[in-house]
2 protein chains.
Amino acid sequence: MAITIRDVAEAAGVSTATVSRALRGLAHVDPQTRARVEQVAKEMDYVVSPSASRLASGRTGTIAVIAPFIARWFFSTVLSGVENVLQGSDIDLLVFEVGDPAVQYRIPPERRLRGRVDGLLVVSLPSDESAVADLLSLGMPVSLIGSAAPGVPSVSIDDVAAGRVATQHLINIGHERIGIITGQPNPTGFTPADDRRRGYVAALDEAGLVTRPEYEGHGYFTVAGGEQAMTGLLALAKPPTAVFAASDEMGFGAIRALQRHGLRPGHDVAVVGIDGHDLADLLDLTTVVQPVRDLGRMATEALLTQLSLPTADRSQVAVATTVPTTLVVRGSTVPSTQTVVQRQVVTR
Amino acid sequence: MAITIRDVAEAAGVSTATVSRALRGLAHVDPQTRARVEQVAKEMDYVVSPSASRLASGRTGTIAVIAPFIARWFFSTVLSGVENVLQGSDIDLLVFEVGDPAVQYRIPPERRLRGRVDGLLVVSLPSDESAVADLLSLGMPVSLIGSAAPGVPSVSIDDVAAGRVATQHLINIGHERIGIITGQPNPTGFTPADDRRRGYVAALDEAGLVTRPEYEGHGYFTVAGGEQAMTGLLALAKPPTAVFAASDEMGFGAIRALQRHGLRPGHDVAVVGIDGHDLADLLDLTTVVQPVRDLGRMATEALLTQLSLPTADRSQVAVATTVPTTLVVRGSTVPSTQTVVQRQVVTR
DNA sequence: TTGTAAGCGTTATCAT
DNA sequence: ATGATAACGCTTACAA
């Protein structure tokens with residue numbers, strides 16, 4: 001069997017209690033003693049048993065990320081940000097993939113969470129009341145990423161503003177027939193999608209432009225979906241001259257559809273997305289960039305802070321952090337030889 | 001506090017031992033008793049304490065994925081496959097991001113692994129002896145994904161064959177000046193990169209074509225790297241007419257470089273990649289498709305099988321599983337109106 | 001088939 | 001500052 005704390009205690013000539021205190025850096029330990037214990041522990045290659053430690057302390061030293069998908073760009077990038085912060089700590093990361101929030105948000109059953117983790121990072125949760133309630137009922141700190149809900153801390157962009165900025169850009173460069181490619185046909189309680197659409201409508205309204213129902217396509221946040229939606233729009237008697245895709249991946253699909261129809265993005269039909277996907281530059285897609293990795297980082301740091309606090313001090317006041325976005329103009333809206341970058345700070 | 005096994009035992013009028021046995025589906029439990037215990041447990045909303053269970057049993061019910069990156073397509077797709085298999089089990093998934101294998105493969109220290117997990121899934125491990133040794137020294141089952149090493153079970157494609165197929169395709173369509181964009185300048189012990197390059201060389205040799213050192217660029221498996229490498233190749237007095245990129249992402253970069261130079265992929269310079277990236281279709285990139293998600297799935301299933309076996313039965317014989325790839329021909333090598341798909345089964 | 005009870009390896013409370 | 005010693009909640013021989 002492995003070395004236990006008792007072995008170390010005997011070898012160092014102290015009690016297990018002292019070893020425990022010394023190794024965890026607690027106060028009230030003689031520097032000499034601590035040094036000796038650390039020395040012995042290292043020599044014996046002692047590693048604390050996490051199960052025993054967890055059982056005795058009641059803390060798991062683990063947090064979980066709950067996301068609809070793992071393989072898609074946005075989610076894997078968030079995950080990477082989370083992991084990045086965790087490297088510096090001693091916290092373990094558990095991952096749960098729960099499927100499309102618009103279809104069914106299969107929250108991992110309590111039994112998979114309770115007693116296993118100290119806190120939760122939930123990505124793109126629908127603002128559906130019950131989903132939040134289920135999670136909060138576990139009684140542990142929860143941080144939302146990429147969406148917000150009343151009463152829960154969150155880190156995200158201002159999606160309404162992002163939708164407005166994207167649409168406004170299309171208006172600015174002279175378009176009047178502006179379509180949108182969003183996720184689902186009807187509001188599904190999936191905040192980002194609904195909010196971005198709201199921003200689009202607001203921008204059109206403010207510019208005195210009409211919103212036509214037939215100019216709304218649904219791409220389900222995938223490349224293939226975006227392509228289908230754009231194809232549908234192109235089939236209209238009077239197609240839009242510009243399209244706002246609520247995500248870069250749907251924007252890519254739109255570009256693909258244009259290519260298939262022999263149309264040039266930017267020249268024939270303008271396309272703008274949201275995300276700042278790694279490959280947006282490659283595909284020359286204008287997009288509203290959000291700092292995705294930072295979203296993951298910030299939410300994780302916030303969660304770790306919560307966890308380091310005594311339970312009583314964990315503020316009941318949920319802080320909804322909104323991070324700024326940047327409109328990056330590329331050839332899909334302004335076909336020119338040079339790329340223009342405008343800094344767009346979102347305030348609220 | 002939460003409900004404990006003792007509470008359930010009392011409520012059901014049996015001992016804790018019986019509750020434990022009943023709930024875990026062990027044999028030698030009266031069906032009536034089991035039913036009653038299950039009933040009571042559900043009513044009381046009892047969830048076993050993982051820490052206590054782990055401490056007592058010595059098993060963690062957790063496996064870890066160790067990968068260089070999380071956010072890149074290949075890795076997040078593998079991860080998704082792993083998670084997919086785990087959904088059906090009661091096993092938890094821990095994730096560690098360890099950085100570029102060609103630079104430094106920062107294996108999580110023993111202390112982060114020992115006692116925390118029952119098995120390891122290692123993605124794209126360099127075939128470096130010591131790295132493997134470190135991992136194996138933990139004495140738990142290890143499965144490799146996307147690379148292979150002697151004496152360790154693994155799931156991957158035949159990278160040499162993949163490189164050969166890609167290069168052969170370029171030869172078949174008439175190219176003679178064929179370049180390669182690979183990862184690092186020198187063999188780094190990172191198997192897939194080295195092997196794909198080997199396949200490239202073999203194909204050229206077999207066709208009686210010369211390998212020119214200046215036709216080898218290095219893209220470090222990123223889009224930006226691929227673009228730089230291709231730019232370098234284009235600057236040659238006599239640039240290659242075709243390029244084999246050892247990954248789709250580097251292929252994307254190559255396409256970007258061509259675009260920037262006003263050259264058309266497929267028409268002016270042919271490009272072929274390896275991976276079957278989600279966006280390869282969008283970018284019209286010919287590629288050798290590997291079933292990435294399945295790689296993750298298969299390796300996970302193999303690992304779970306190992307774990308379900310008594311320690312003694314875990315075969316010392318490492319099984320290296322090689323899965324077939326498919327060459328998908330697109331416009332980046334054969335600019336035509338229709339896409340041709342050839343099934344290429346790799347045998348060995 | 002079921003119960004008893006000894007661990008499993010720490011942490012944390014009291015003393016000292 | 002350090003030591004004894006109860007928990008912590010479950011699993012698992014060993015008995016019955």
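Remember, it's a predicted structure, so these values are computed and weren't measured experimentally. The chains referred to below are lettered A, B, ... by the order of the sequence lines, with proteins before strands, and numbering in each begins at 1.
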Q. Rounded to whole angstroms, how far apart are CZ on Arg54(A) and C1' on dA12(C)?
A. 19 Å
Q. So, is Arg24(A) close to the dT10(C) phosphate, meaning a side-chain N or O under 4.0 Å from OP1 or OP2?
A. no
Q: Compute whether any side-chain donor of one residue and acceptor of the other, for Arg116(A) and Thr62(A), lie under 3.5 angstrom apart.
A: no
Q. Got Asp294(A) and Val323(A) here, is their nearest side-chain heavy-atom distance under 4.5 Å?
A. no
Q | Exercise: do Ser80(B) and Thr77(B) side chains pair donor with acceptor under 3.5 Å | A | no
Q) Roughly how many Å is it from CD1 in Ile3(B) to P in dC8(D), rounded to a whole number? A) 14 Å
Q | Short side-chain donor-acceptor distance under 3.5 Å, Ser308(A) and Thr305(A) | A | no
**Q.** Degree of bending, the helix from dT1(C)-dA16(D) to dT16(C)-dA1(D) (end axes from five pairs; round to 10°)
**A.** 30°
Q.
If I take atom CZ in residue Arg21(B) and atom C1' in nucleotide dT12(D), what distance separates them, rounded to the nearest angstrom?
A. 8 Å
Q: Would you kindly give the CZ-to-P distance between Arg116(B) and dG9(C), to the nearest whole Å?
A: 16 Å
Q: Rounded to the nearest angstrom, tell me the gap between atom CD1 in Ile5(A) and atom P in dG3(D).
A: 12 Å
**Q.** Whole-Å gap separating C1' (dT10(C)) and CZ (Arg6(A))
**A.** 10 Å
Q: Send over the distance from Leu26(A) CG to dA12(C) C1', rounded to a whole Å.
A: 10 Å
Q.
When you measure from the side chain of Glu97(A) to the backbone of Ile70(A), do you find a donor-acceptor pair of N or O atoms at a distance under 3.5 Å?
A. yes
(Q) Looking at dT11(D), I'd like to know if its phosphate oxygens (OP1 or OP2) sit under 4.0 Å from a side-chain N or O belonging to Thr16(B). (A) no
Q) Can Arg72(A) and Ser76(A) be counted as having a side-chain donor-acceptor contact under 3.5 angstrom? A) no
(Q) Looking at dG9(C), I'd like to know if its phosphate oxygens (OP1 or OP2) sit under 4.0 Å from a side-chain N or O belonging to Ser49(A). (A) no
**Q.** 5' priority, DNA chain C, between Ala56(B) and His28(B) [closest heavy atom]
**A.** His28(B)
Q) Whole-Å distance between dA12(C) C1' and Leu55(A) CG? A) 13 Å
